[in-house]
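Worksheet for the structure shown next.
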Amino acid sequence: MALLKNYIYILLWVIILFCSCNDAKNVSHSAAPSDSIDIYLDWATSDSMSFDSRMKYNDRAFKILQERKNDSLTRVNLFKVANRYYNNGLYREYKNASIYVLANSVYAQDTNNIAKSYTYLGDYFLRTSFKDSAFYFYLKAEKIFTSTSDFTNLALININKANVLWNEKNYFASESAALEALKYLRYNPNGQMIFEAYTLVGIIANELGDYSKAIEYLNKAFETINQYKLNDNQQKATTHNNIGNVYQNLNKNGQAIDHFNRALADINLSFENPFLYAVLLDNLAYSRYLNGEQSSEIPQLFVQSIQVKDSLGNVSAGIFSRIRLAEYYLKFGEAKLGIELSRNALRAAKLNGNTVDELMPLKTLSALNIPDASAISRRYVALVDSLQKNERGIKDKFARIQFETEEITQKNDKLEAQNRNLFLFFIGTVMIGLLLFVIRTQRAKNRELLLKQAQQKANEDIYNLMLSQQNKIEEGRIREKKRIAQELHDGVLGRLFGARLNLDSLNKMEGGEAAGKRNDYLTELKNIEQDIREISHDLNREKFALINNFVAIYNNLIDEQAASHSTEVRCNIDDTIQWEIINNNLKINLYRITQEAFQNVNKYAKAKLITVNLKEKKGMLELTITDDGVGFDVERKSRGIGLQNMTSRVQESDGTINIESKKGAGTKIKIAFRLHPIIEIPKTPTHPKKKTA
């Protein structure tokens with residue numbers, strides 16, 4: 001059903017574009033210089049420009065080409081535009097450009113480019129996981145290339161078909177397509193395609209258990225790299241990995257380890273192809289385990305591989321590595337860890353919605369002495385049966401697509417000559433009539449619309465500017481009010497409250513000691529007065545000492561709390577925290593949050609002990625403040641301004657806050673801030689490769 005839907009959609013596109021190609025011949029090209037296309041296409045591949053800039057120039061080139069005469073040079077450049085979309089991951093734009101050049105090629109009866117367009121559409125559907133549609137368009141391209149004896153493109157088509165069939169585990173059909181590609185490459189040798197074909201035959205032979213054949217063809221792939229001087233370290237690393245897999249299956253793990261280590265010798269591999277790097281780490285660890293080695297390095301290799309795969313978002317690969325690590329733990333007496341890893345892998349597979357990923361965890365758990373082993377075993381058997389039926393259905397589906405495509409093509413060839421002229425005449429007449437009507441209508445309205453649009457645009461710009469200015473003024477006012485309120489509440493009021501309590505306690509004391517303490521607290525009140533004056537004089541200034549000597553000031557805050565109140569305070573600050581690289585605003589917020597927490601404890605908690613922990617953990621700065629006071633109901637109690645200010649400061653520094661409390665069970669406040677930005681590692685597909693034109 002999806003195949004039919006995709007085909008009808010593309011057919012409609014081709015009809016519409018096909019019928020408008022003739023009008024494109026008469027479009028004026030004075031707006032774009034003759035060399036502008038080459039310039040835009042060069043800029044679209046310039047590494048010195050941003051992604052948005054490159055694609056903007058590619059869009060411009062596409063727009064100009066749509067207005068130009070439908071000649072061979074235009075079609076060549078359209079393919080270049082499509083390539084740039086593909087190489088930058090813009091697959092929808094790539095599809096639209098491919099359909100457009102297909103329509104132009106159909107109109108010009110350019111057989112070779114029609115076939116090339118089919119190939120591009122096949123690549124699009126393969127990349128977007130519509131493999132039956134990809135296979136269909138590859139077959140259509142293959143038919144044309146066969147009629148023109150284009151052996152190079154026939155080899156490419158067969159390699160693409162082999163990849164589709166390989167992904168669907170149709171190994172025999174995939175091997176046949178790869179060997180067919182090698183046959184065509186005898187006429188026009190191409191090093192890259194020969195390497196890919198040899199590699200496919202080798203890994204298929206490995207899957208089918210023909211290990212001697214697998215090593216033979218993978219060694220041929222390695223010889224091809226040197227013979228044609230491909231100079232691609234990733235291809236060498238991939239081949240070493242594939243050969244290592246064969247030796248691993250042969251239980252010759254010493255030779256497997258050698259190949260995995262040779263692949264990992266490329267120090268740039270972790271940056272250029274992180275997924276391959278993770279696969280090699282996993283295979284190296286597993287071969288060392290199979291070789292009888294018991295070492296702390298082996299779990300570390302597995303964990304490193306899992307971390308890279310997880311960062312790339314490859315759930316299936318992460319599950320595979322977790323099961324291998326579980327196998328290691330189970331063998332060497334860490335059964336609890338092995339079972340836990342296996343269950344985690346099973347949960348991840350279910351969440352990912354991929355039943356194939358469930359097989360390895362189910363198989364591992366079903367063999368263990370655990371309470372639900374029998375239920376897991378039944379699930380495993382049922383899943384295997386279901387997948388086997390699906391695989392047989394997929395094999396039948398591809399065979400049926402090939403048969404039906406050939407049958408439909410033969411019928412279409414017979415009807416094409418009879419219907420072409422009538423169809424074109426009818427469509428052409430309708431389209432010309434519509435275009436004439438539209439042109440006349442648009443010419444009458446064009447000038448009026450352009451004037452109205454220009455006036456409206458000017459009015460909108462003025463209005464938007466006024467709104468923007470007003471919004472900025474209001475935002476500045478709100479931020480300033482909020483900051484002043486926070487400073488007064490968190491800083492001044494907290495200290496005033498402490499001083500008031502202490503002065504109140506001195507009313508019960510007499511003698512010289514009480515007088516001395518009163519003088520101390522009067523001095524504290526003078527300091528508070530100075531703080532208020534500083535806030536008034538400079539609303540944007542924070543205390544220099546707090547920013548540049550944070551640990552000392554923070555400890556001073558702890559000491560003041562301990563000296564002023566009967567509650568015991570225990571503080572632990574991680575010595576490894578690099579305060580000099582932490583944002584000053586974050587330091588200020590940490591200080592104010594702690595101060596507010598102490599004030600809340602003093603007012604309400606009736607606690608005997610406060611514990612403060614400040615540590616760095618996995619790139620996060622964590623502040624935990626715990627008391628053993630009376631607690632409160634987090635769900636029912638409305639948050640006062642103190643807790644609101646704490647939450648506001650946490651959000652201001654992009655942190656997270658969690659408050660846990662129950663009546664009679666104390667309160668725990670846990671706050672975390674990220675110290676370093678998250679670095680996104682782009683997903684690296686294994687089979688798509690950059691297109692060239």
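Not measured: the values here are computed from a predicted model. Atoms considered below: every heavy atom in the structure, side chains included; atoms not considered: hydrogens, waters and symmetry mates.
- Counting only N and O atoms by type, the side chains of Asn602 and Gln561 include a donor and acceptor under 3.5 Å apart.
- Looking only at atom types and distance, the side chain of Tyr554 has no donor-acceptor partner in the side chain of Gln595 under 3.5 Å away.
- Tyr91 has its ring centre no less than 6.0 Å from the ring centre of Tyr85.
- With hydrogens and angles left out, the side-chain atoms of Asn658 and Glu660 include a donor and acceptor closer than 3.5 Å.
- Contact check on Glu568 versus Arg570 returns a salt bridge, with a Lys/Arg side-chain nitrogen under 4.0 Å from an Asp/Glu carboxylate oxygen.
- Nearest heavy atoms, Arg288 versus Glu297: NH2-OE1, 3.0 Å.
- Annotation: side chain of Arg322 is in contact with side chain of Asp310 (closest heavy-atom distance under 4.5 Å).
- Looking at heavy atoms from C-beta onward, Met646 lies out of side-chain contact with Val650 at the 4.5 angstrom threshold.
- Between Asp52 and Lys56 there is no salt bridge, since no side-chain N of the basic residue sits under 4.0 Å from a carboxylate O of the acidic one.
- A 4.5 Å side-chain heavy-atom check between Val630 and Lys663 finds every atom pair outside the cut-off.
- Considering all non-hydrogen atoms of both residues, Phe673 and Gly655 come closest at CD2-CA, 3.7 Å.
- Looking at heavy atoms from C-beta onward, Leu368 lies in side-chain contact with Leu330 at the 4.5 angstrom threshold.
- Remark: side-chain polar atoms of Ser311 are paired, donor with acceptor, to backbone N or O of Val308 under 3.5 angstrom.
- With hydrogens and angles ignored, the 3.5 Å screen pairs a side-chain donor or acceptor of Asp574 with a backbone N or O of Thr576.
- Under the 30°/60° scheme for interplanar angles, the aromatic rings of Tyr328 and Phe302 are found to be tilted.
- Between His240 and His259, the ring planes are tilted. Angles from 30° to 60° get that label.
- Ion pairing between a basic and an acidic side chain is recognised when a charged N comes within 4.0 Å of a carboxylate O; Asp42 and Arg54 show no such pairing.
- Side chains of Leu264 and Leu284 form a contact here, defined as non-hydrogen atoms less than 4.5 Å apart.
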- Item | Derivation and outcome, side chain to side chain contact (heavy atoms under 4.5 Å, CB included), residues Arg127 and Tyr94 | CA-CA 11 Å; Arg127 187 67 185 86; Tyr94 166 75; over 6 Å; no

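- Side-chain atoms of Asn261 come within 3.5 Å of backbone atoms of Ile257 as a donor-acceptor pair (strictly under, hydrogens ignored).
- When all heavy atoms are compared, the tightest approach of Asn253 to Leu290 is ND2-CB, 3.4 Å.
- More than 12 heavy atoms of other residues, nucleotides or ligands lie within 6.0 Å of NZ in Lys603, so this atom counts as buried by the packing criterion.
- Counted by atom type alone, Asn268 and Tyr277 present zero donor-acceptor pairs between their side chains at under 3.5 Å.
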- Task: Would you sort out whether Phe598 and Val612 count as a side chain to side chain contact (heavy atoms under 4.5 Å, CB included), showing the intermediate values?
- Result: CA-CA 10 Å; Phe598 285 165; Val612 180; 4.0 Å; yes

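- Ile306 is not listed as a side-chain neighbour of Lys309, based on a closest heavy-atom distance of 4.5 Å or more.
- Residue pairs that meet the side-chain hydrogen bond (donor to acceptor under 3.5 Å, both in side chains) test with at least one member in residues 620-632, sequence neighbours left out, do not exist here.
- With respect to the salt-bridge test (charged N to carboxylate O, under 4.0 angstrom), the residues Arg649 and Glu596 do not qualify.
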- Task: Would you please test Leu365 and Ile370 for side chain to side chain contact (heavy atoms under 4.5 Å, CB included) and show each step?
- Result: CA-CA 8 Å; Leu365 291 168; Ile370 55 178; 4.1 Å; yes

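- Not a single donor-acceptor pair under 3.5 Å links the side chain of Asn241 to the backbone N or O of Ala237.
- Looking at Ser661, its side chain never comes within 3.5 Å of a backbone N or O of Gly631 through a donor-acceptor pair.
- Asn242 contributes a side-chain N or O that, together with a main-chain N or O of Thr238, makes up a donor-acceptor pair within less than 3.5 Å.
- When the ring-ring contact (aromatic ring centres under 6.0 Å, His included) test is applied to Tyr329, no partner is found at least two apart in sequence or on another chain.
- A distance-only check finds a donor-acceptor pair linking the side chain of Thr239 to the backbone of Gln235 [under 3.5 Å].
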- Query: Which is it for Leu621 and Leu586 under the side chain to side chain contact (heavy atoms under 4.5 Å, CB included) test, yes or no, and what are the steps along the way?
  - Reply: CA-CA 10 Å; Leu621 184 62; Leu586 177 55; 4.3 Å; yes

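- Remark: Phe51 CZ is packed, more than 12 non-hydrogen atoms of other residues, nucleotides or ligands lying under 6.0 Å away.
- Nearest heavy-atom pair, Phe260 versus Gly244, reported as atom, atom and distance to 0.1 Å: CZ-C, 3.5 Å.
- For Gln234 against Leu276, the heavy-atom pair with the smallest separation is O-CD2, 3.9 Å.
- Between Ile573 and Cys571 there is a side-chain heavy-atom pair separated by less than 4.5 Å.
- When atom types are taken as modelled, the side chain of Ser342 and the backbone of Thr364 share no donor-acceptor pair closer than 3.5 angstrom.
- Residues Leu341 and Ile323 form no side-chain contact, since every pair of their non-hydrogen atoms from C-beta on lies 4.5 Å or further apart.
- The backbone N or O of Trp579 sits less than 3.5 Å from a side-chain atom of Lys587, completing a donor-acceptor pair.
- Summarising the geometry of Ser53 relative to Met49, their closest heavy-atom pair is CB-CB, 4.2 Å, with the distance given to 0.1 Å.
- Judged by distance alone, the side chains of Arg324 and Tyr286 never bring a donor and an acceptor atom under 3.5 Å apart.
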